[in-house]
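Heads up: the structure comes next, in structure tokens.
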Amino acid sequence: MTNGRRILPDSISQRTRAVHGGSRRSQYGEVSEAIFLTQGFVYDSAEAAEARFIEAGEDEFVYARYGNPTVAMFEDRIAALEGTEDAFATASGMAAVNGALTSMLKADDHVVSSRALFGSCLYILEEVLTRYGVEVTFVDGTDLDQWRAAIRPDTKAVFFESLSNPTLEVIDLRAVSDMAHAVGALVIADNVFATPVLQRSADLGADVIVYSATKHIDGQGRCLGGVICGTRPFIRKVVEPYLKHTGGALSPFNAWVMLKSLETMDLRVRAQAETAGRVAGALASLPGLTRVIYPFRPDHPQHDLARAQMQAGGTVVSFEVAGGRDAAFRLLNALRIVLISNNLGDAKSIITHPATTTHQRLSEDKRAALGISDGLLRLSVGLEDADDLIADLTQAATAMQDGGPPR
Ligand SMILES: *Cc1c(COP(=O)(O)O)cnc(C)c1O
């Protein structure tokens, strides 16, 4: 131990890293990691303060916007289990997406991005970066020919959601990364839907992996947070200077919640994915449903790629009902266990109607191009009993067919 910091053998597995990685123990020898709910740090002398501002050493802190021991524990633990050299924690997933892109880009740079993105990601690429003179080319992320045509010798970065929201398109990480690396472009993957448990994105070629920790990392719907994982030079020389001065820091309290949640994330995500697979199978035979989208189902257009890239099909199932918005609303209003909300990755199952909520901002044409019809629903499967969820969805689909729930 140095400075209370545990040094773990290199050979330990991802699950062990998720429990012990990054721990720093105070003089009290606590088992459960401490929350250092402090903005500042006291120096022994004026000389010590001066020295720390010239260069903070390993595990030396200056101000919580720059770093904090609890936040550092979370960063080290997620980096250890993700398999990257380092990580920088942020106040939300969007601060992570924005921080990863904005910290490395400048006017006249070129970025290629898949088009099927979460609304706020699309806003950053389409409206924020372009306002500062960054050129962004959008492609159909499932079409390698479009990536090949769009990536140019001067392309600085490619961006995508490895499993897209809400239509669950799968990006071929290896192929896209090879094309990007051939021109020296950085591969930035938003891996929220695939999760750190089910997909080893760094091994597949991603240089930078961003998460909304709000989702599966917290996993119980409490705190907002985000994290950027990457090489030490990228995190400390590119991301950190940008984020520490622009203020997207993660609160130490939220970092503590996320840190402790990483200990159970593997179990939670695997259980949720197993239930999601069963729910997807049951949905396929329900009345009034025209399509079930789940990456591990044989009828998913990229089923083989999903199976090659991911250890399970994920925790989200999307499906389409006949009868558009009215039918979708009838189904939602008849549910008794599944909650109508717009988060995902929670222990509680949550269902969303993207066209009227998360993707409401987009024009009808854009939604249509992304496959977000008025009958599309996105179900985030939680930790409830699979049979209870299937029964709830079955009675809701029946009520939808019968004209809606009794009022
Ligand atoms: C939720 C989400 C984000 C944004 O995360 P916040 O924590 O809500 O800021 C970014 N990307 C994807 C794919 C998401 O699902």
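Side chains are part of it too, since the values below use all heavy atoms of this structure and drop only hydrogens, waters and symmetry mates. Keep in mind that this is a model prediction, so the values were computed, not measured. Counting convention: from 1, in listed order, for ligands and their atoms alike. Position 1 is the first residue of the sequence, and the numbers go up from there.
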Lys/Arg N to Asp/Glu carboxylate O, D76 vs R24, below 4.0 Å: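 Salt bridge: yes.
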I want to know whether Y294 and H300 have ring centres closer than 6.0 Å.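 No, ring centres 6.0 Å or more apart.
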Does anything in residues 386-399 pair up under side-chain hydrogen bond (donor to acceptor under 3.5 Å, both in side chains), and if so which pairs, sequence neighbours excluded?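 Qualifying pairs: R278-D387, D392-Q395.
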Pairs touching residues 172-186 that satisfy side-chain hydrogen bond (donor to acceptor under 3.5 Å, both in side chains), sequence neighbours left out: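 Pairs touching residues 172-186 that pass the test: H181-D207.
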In this structure, are over 12 heavy atoms from other groups packed under 6.0 Å from K260 atom NZ?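 More than 12 within 6.0 Å, yes.
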Listed partners of T275 passing side-chain contact (heavy atoms from CB on, under 4.5 Å), at least two apart: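 With sequence neighbours excluded, T275 shows a side-chain contact (heavy atoms from CB on, under 4.5 Å) to V279, V381, A386, L389, given in chain and number order.
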Need the list: ligand 1 N/O atoms against protein N/O atoms, distance under 3.5 Å, rounded to one decimal.
from: ligand 1; atom 1: 5 (O); to: S212; atom 2: OG; distance (Å): 3.0
from: ligand 1; atom 1: 7 (O); to: G93; atom 2: N; distance (Å): 2.8
from: ligand 1; atom 1: 7 (O); to: S212; atom 2: OG; distance (Å): 2.7
from: ligand 1; atom 1: 7 (O); to: T214; atom 2: OG1; distance (Å): 2.6
from: ligand 1; atom 1: 9 (O); to: G93; atom 2: N; distance (Å): 3.0
from: ligand 1; atom 1: 9 (O); to: M94; atom 2: N; distance (Å): 2.9
from: ligand 1; atom 1: 11 (N); to: D190; atom 2: OD2; distance (Å): 2.7
from: ligand 1; atom 1: 15 (O); to: K215; atom 2: NZ; distance (Å): 2.8

